[in-house]
Amino acid sequence: MTAAAPDPLTAPEPVHTALTSWYHRAARDLPWRRRDCSAWGVLVSEAMLQQTPVSRVVPRWHEWMRRWPTPQHAAEAPVAEILTVWDRLGYPRRALRLQESAQVIVDRHGGQVPQTAAELRQLPGVGEYTAAAVACFAFDQPEVVVDTNIRRVHARVFAGDALPGKTYTSDQRRLAHSVFPDPAVDDGELACTWNIAVMELGALVCTARSPSCTACPVAEFCAWRLAGSPPPTEQQRTRAQTWAGTDRQVRGAIMAALRTGGPAARSDLLAELPLPAVDMVQRSRCMESLIADGLAEQRQDKVALPGALA
DNA sequence: AACACGGGGTT
DNA sequence: AACCCAGTGTT
């Protein structure tokens, strides 16, 4: 008769072993994970992957890297081209921040992507997650990486919760650190693999809606499953966000028109947006906000992507 | 801590 | 129609 499994929270080593072993077997072959991918390629991927699924990023990443294989190339590109290649990845201000990062890398880092999380964190559009992710995935530094997948896996396996809750709390940050493999043991190699392995488990197996617990390499350790997989509490469930009629939808429609149609008369462009229920006050407000964000430009009565009005 | 910020596939 | 996605910056 074997003893009950030890608490993974105080003894996470078996979880490290099971999960990293699974990763080596099951990981997807994504272009930014290949050995020959540059640090710039990793940074581009992380910017694109902020709130955008992998499947939609892959083709845009290839096109971006084909056109702008180094920070120097991206730094010199016309803004209108940057936004056009970004296409419908969403949150186009991310494209602006990525180009600004390229310019900072050229101006202040000799064209080389900085290697420490602290330096990366100073780049525009690079927050706590992206700084740690680039330091780890591009430069093998054992930073603690925490994204939405990792928060969910930690919540289930170690905390026994169905979902992690909406905001990243200090408790969750402490948990992520407490289960992180000791970087001293093998120069951080296990720690880096752990980051990507937990993320991959959250993406492929421990998904938000319908986790595949029967296929999970750490099911035997999972506090949530061992507790009977209780459903998420009302607190853990996210609140419904409507989409139709929001400024975000209107801004997106304006950007789509500017990308595909080129410069146009402002009144015509706003009138022809395929959004019948949205009044002109809102259309105009959104046009102004896009101009204020540097995503569009107006001269006289003409509007266009930035730099497209000669 | 709560919001704003895109867009499309899945349930 | 709601939910979800390799988050960041602002208030």
Side-chain angles (χ1 to χ4, degrees), chain A residues 23 27-28 30-33 41-61 83 86-98 100-101 120-138 143-154 162-172 176 192 195-204 206-211 232 235-259 274-275 285-286 289-290 292-295:
Chain A
Y23 177 77
R28 292 167 291 181
L30 300 174
W32 46 85
R33 285 182 184 165
V42 174
L43 177 59
V44 171
S45 79
E46 294 300 345
M48 291 182 168
L49 287 163
Q50 291 168 2
Q51 297 289 282
T52 303
V54 167
S55 62
R56 287 176 52 206
V57 165
V58 170
R60 294 298 97 207
W61 183 89
L83 292 171
W86 194 263
D87 196 37
R88 298 188 167 198
L89 281 182
Y91 297 139
R93 49 176 57 169
R94 289 183 296 160
L96 260 34
R97 299 295 91 80
L98 181 55
E100 291 163 14
S101 284
L120 287 159
R121 184 65 182 77
Q122 298 307 306
L123 299 174
V126 174
E128 181 176 356
Y129 162 76
T130 302
V134 174
C136 180
F137 304 149
E143 295 287 335
V144 178
V145 176
V146 182
D147 77 325
T148 185
N149 285 314
I150 292 174
R151 291 206 301 129
R152 184 175 56 253
V153 173
H154 287 174
L163 290 173
K166 295 151 273 301
T167 57
Y168 185 37
T169 63
S170 54
D171 276 355
Q172 287 175 23
C192 283
N195 281 330
I196 194 66
V198 178
M199 197 180 302
E200 192 76 340
L201 188 79
L204 297 182
C206 193
T207 59
R209 294 288 199 94
S210 51
Q235 192 91 65
Q236 291 167 337
R237 298 183 55 75
T238 58
R239 223 177 354 187
Q241 301 260 14
T242 58
W243 164 247
T246 60
D247 281 9
R248 286 161 69 185
Q249 184 191 29
V250 178
R251 284 166 55 104
I254 293 172
M255 289 301 293
L258 292 176
R259 279 194 308 265
L275 300 168
R285 176 176 73 238
C286 290
S289 75
L290 288 171
D293 289 346
L295 290 164

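For clarity, every value in this text was computed on a predicted model and none was experimentally measured. First the proteins, then the strands, lettered A, B, ... as listed; each starts at 1.
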Check if the side chain of [X] and the base of [N] share a donor-acceptor pair of N or O atoms closer than 3.5 Å.
X	N	result
A:T52	B:dG6	yes
A:R248	B:dG6	yes
A:Q51	C:dG7	yes

Nearest-Å distance once atom P is located in both C:dA6 and B:dA4: 23 Å

Atom P, compared across C:dT10 and B:dG6: separation rounded to whole Å: 15 Å

By the 4.0 Å heavy-atom rule, please label [X] as base, sugar-phosphate, or nothing.
X	answer
A:L89	base
A:A208	sugar-phosphate
A:L30	base
A:W86	nothing
A:D293	nothing
A:R28	base

Could you state the [atom1]-[atom2] distance from [X] to [N], rounded to the nearest angstrom?
X	N	atom1	atom2	answer
A:L163	C:dC3	CG	P	12 Å
A:K166	C:dC5	NZ	P	13 Å
A:Y168	C:dA6	OH	C1'	14 Å
A:M199	C:dC5	CE	C1'	13 Å
A:D147	C:dT8	CG	C1'	14 Å
A:D171	B:dA1	CG	P	10 Å
A:Q122	C:dT8	CD	P	13 Å
A:I150	C:dC5	CD1	P	13 Å

Side chains of A:Y129 and A:Q50, donor plus acceptor under 3.5 Å: no

Polar side chain donor-acceptor pair, A:T52 to A:R60, under 3.5 angstrom: no

From [options], pick the nucleotide closest to the side chain of [X]?
X	options	value
A:Q50	C:dA6, B:dG7, C:dG7	C:dG7
A:L49	C:dA6, C:dG7, C:dC5	C:dA6
A:W243	C:dT8, B:dG6, C:dA6	B:dG6
A:R33	B:dC5, C:dA6, B:dG6	C:dA6

From CA spacing to verdict: side-chain contact (heavy atoms from CB on, under 4.5 Å), A:L49, A:V54: CA-CA 7 Å; A:L49 287 163; A:V54 167; 3.8 Å; yes

5'-most by nearest nucleotide on DNA chain B - A:A253 or A:T169: A:T169

A:S210 or A:Y91, whichever maps to the more 5' nucleotide of DNA chain B: A:Y91

At less than 4.0 Å, is any side-chain N or O atom of [X] found next to OP1 or OP2 of [N]? Yes or no.
X	N	value
A:T130	C:dA6	no
A:R56	C:dC5	no
A:R251	B:dA4	no

Nucleotide N/O of nucleotides 9-11 of chain C paired with protein N/O under 3.5 Å:
| unit_1 | atom_1 | unit_2 | atom_2 | d |
| --- | --- | --- | --- | --- |
| C:dG9 | OP1 | A:G125 | N | 2.8 |

Comparing A:E200 and A:R209 on DNA chain C - which has the more 5′ nearest nucleotide: A:R209

Heavy-atom closest contact (A:L83 atom, A:P92 atom, distance): CD2-O, 3.8 Å

A:T246: partners by side-chain contact (heavy atoms from CB on, under 4.5 Å), with sequence neighbours left out: A:T242, A:W243, A:R248, A:Q249

For A:A162, side-chain contact (heavy atoms from CB on, under 4.5 Å) partners two or more places apart: A:W224, A:P232, A:Q236

Lys/Arg-Asp/Glu bridge criterion (N-O < 4.0 Å) met for A:E200, A:R33: yes

Flag side-chain contact, heavy atom, 4.5 Å: A:D147 against A:I150: yes

Under 3.5 Å: donor-acceptor pair, side chain of A:W61, backbone of A:G41: yes

